[in-house]
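I have placed the structure first, in the form of structure tokens, so that the comments after it can refer back to it.
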Amino acid sequence: QVVFALNQTLLQQESLRAGSFQIPYTTEDLIKHYNCGDLSSIIFNHDTSQVPNFINASLPAHERITAQEIDSYFRQELIYKRNERMGRRVKDLLEEHPDKSFFFAFGAGHFMGNNTLIDVLRREGYEVEHTPAGQAI
């Protein structure tokens, strides 16, 4: 699986370099949607937006199964479990120190797709509000 993932990632990078494959959004798109608090927009509509996409219709059936297994593994380990851990840490800090104020800063990856850090905290009963760029807290 590791060799397969590496090969697929390298093929994808070569396609990007050759111009035969394009990412459907730019860095400016990411910044704009992040600043607007619109991370559920079309460019963030799937869970694996932060990891390489190994599933390709042109793959033979046995390689497609491998790609799906890797995609599932990445989604679970790199996205869902990571956000669960971060959410638990935030929750624990808030509960251990109820009289303190906290400021938490996270990378954009914690807010993309499904099962985000915000989703985790809301499931725990917390109210989470977006503060637009430039707005005083």
Side-chain angles (χ1 to χ4, degrees):
Q1 287 182 340
V2 172
V3 171
F4 175 83
L6 181 58
N7 282 335
Q8 291 301 309
T9 301
L10 291 172
L11 286 171
Q12 201 171 65
Q13 292 300 313
E14 288 300 321
S15 295
L16 277 169
R17 187 176 303 161
S20 60
F21 174 75
Q22 287 188 317
I23 296 175
Y25 51 84
T26 66
T27 301
E28 289 78 22
D29 292 330
L30 295 175
I31 292 168
K32 177 182 144 217
H33 288 281
Y34 179 80
N35 284 337
C36 293
D38 184 24
L39 295 179
S40 61
S41 68
I42 191 68
I43 61 172
F44 300 108
N45 69 349
H46 56 88
D47 299 325
T48 56
S49 60
Q50 16 181 351
V51 296
N53 182 17
F54 299 117
I55 301 172
N56 182 332
S58 66
L59 293 173
H62 70 284
E63 287 187 358
R64 239 188 331 265
I65 291 169
T66 300
Q68 289 168 339
E69 289 170 353
I70 292 169
D71 184 73
S72 177
Y73 174 81
F74 277 156
R75 189 175 308 139
Q76 282 299 320
E77 297 299 322
L78 298 180
I79 300 171
Y80 297 163
K81 287 185 179 178
R82 176 188 67 167
N83 285 337
E84 289 290 335
R85 282 190 305 273
M86 297 296 288
R88 231 180 4 262
R89 289 175 184 156
V90 167
K91 178 183 176 284
D92 290 347
L93 277 169
L94 293 172
E95 289 177 358
E96 288 171 19
H97 308 282
D99 297 332
K100 288 191 175 185
S101 294
F102 289 90
F103 174 82
F104 298 102
F106 302 97
H110 290 281
F111 306 105
M112 292 183 192
N114 298 317
N115 296 306
T116 67
L117 180 60
I118 291 172
D119 295 331
V120 170
L121 292 170
R122 285 184 175 150
R123 279 195 305 267
E124 292 293 332
Y126 289 92
E127 183 179 324
V128 180
E129 295 180 24
H130 171 70
T131 303
Q135 180 178 326
I137 297 177

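As a basis for the values below, the full set of heavy atoms in this structure was taken, side chains included, without hydrogen atoms, waters or symmetry mates. Being a predicted model, the structure only gives us computed values, none of them experimental.
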**Request:** Determine, step by step, whether Tyr126 and Val90 satisfy the side chain to side chain contact (heavy atoms under 4.5 Å, CB included) criterion, reporting the C-alpha distance in whole Å, the side-chain angles of both residues, the deciding distance to 0.1 Å, and the verdict.
**Result:** CA-CA 11 Å; Tyr126 289 92; Val90 167; over 6 Å; no

**Asked** Do Arg17 and Glu14 meet the salt-bridge criterion of a basic N to acidic O distance under 4.0 Å?
**Response**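 Yes, this pair counts.
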
**Asked** So do Arg88 and Glu124 actually touch side chain to side chain, heavy atoms under 4.5 Å?
**Response**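 The answer is no; the side chains never approach within 4.5 Å.
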
**Prompt:** Roughly how far apart are Leu117 CG and Arg82 CZ, rounded to 0.5 Å?
**Reply:**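 Going from CG on Leu117 over to CZ on Arg82, the span is 9.0 Å.
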
**Request:** Would you give the length of the straight line joining atom NZ of Lys91 to atom CZ of Arg123, rounded to the nearest 0.5 angstrom?
**Result:** 12.5 Å

**Message:** So for atom CZ, which belongs to Phe104, do other residues, nucleotides or ligands contribute more than 12 heavy atoms lying within a distance under 6.0 Å?
**Reply:** yes

**Message:** Looking at every non-hydrogen atom in both residues, tell me the closest pair between Met86 and Phe106 and how far apart they are.
**Reply:**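 Closest approach of Met86 to Phe106, heavy atoms only: CE-CE2, 3.3 Å.
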
**Request:** Please report the shortest heavy-atom distance between Leu121 and Val128, naming the atom on each side.
**Result:**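 The answer is CB-CG2, 4.1 Å.
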
N/O donor-acceptor pair under 3.5 Å between [X] side chain and [Y] backbone:
X      : Y     : answer
Ser15  : Leu11 : yes
Asn115 : Tyr80 : no
Asp92  : Arg89 : no

**Request:** Indicate if Phe102 and Val120 have the same hydrophobic cluster label, given that clusters are the connected sets of ILVMFWY residues with side-chain heavy-atom separations under 4.5 angstrom.
**Result:**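 Cluster IDs for Phe102 and Val120 differ.
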
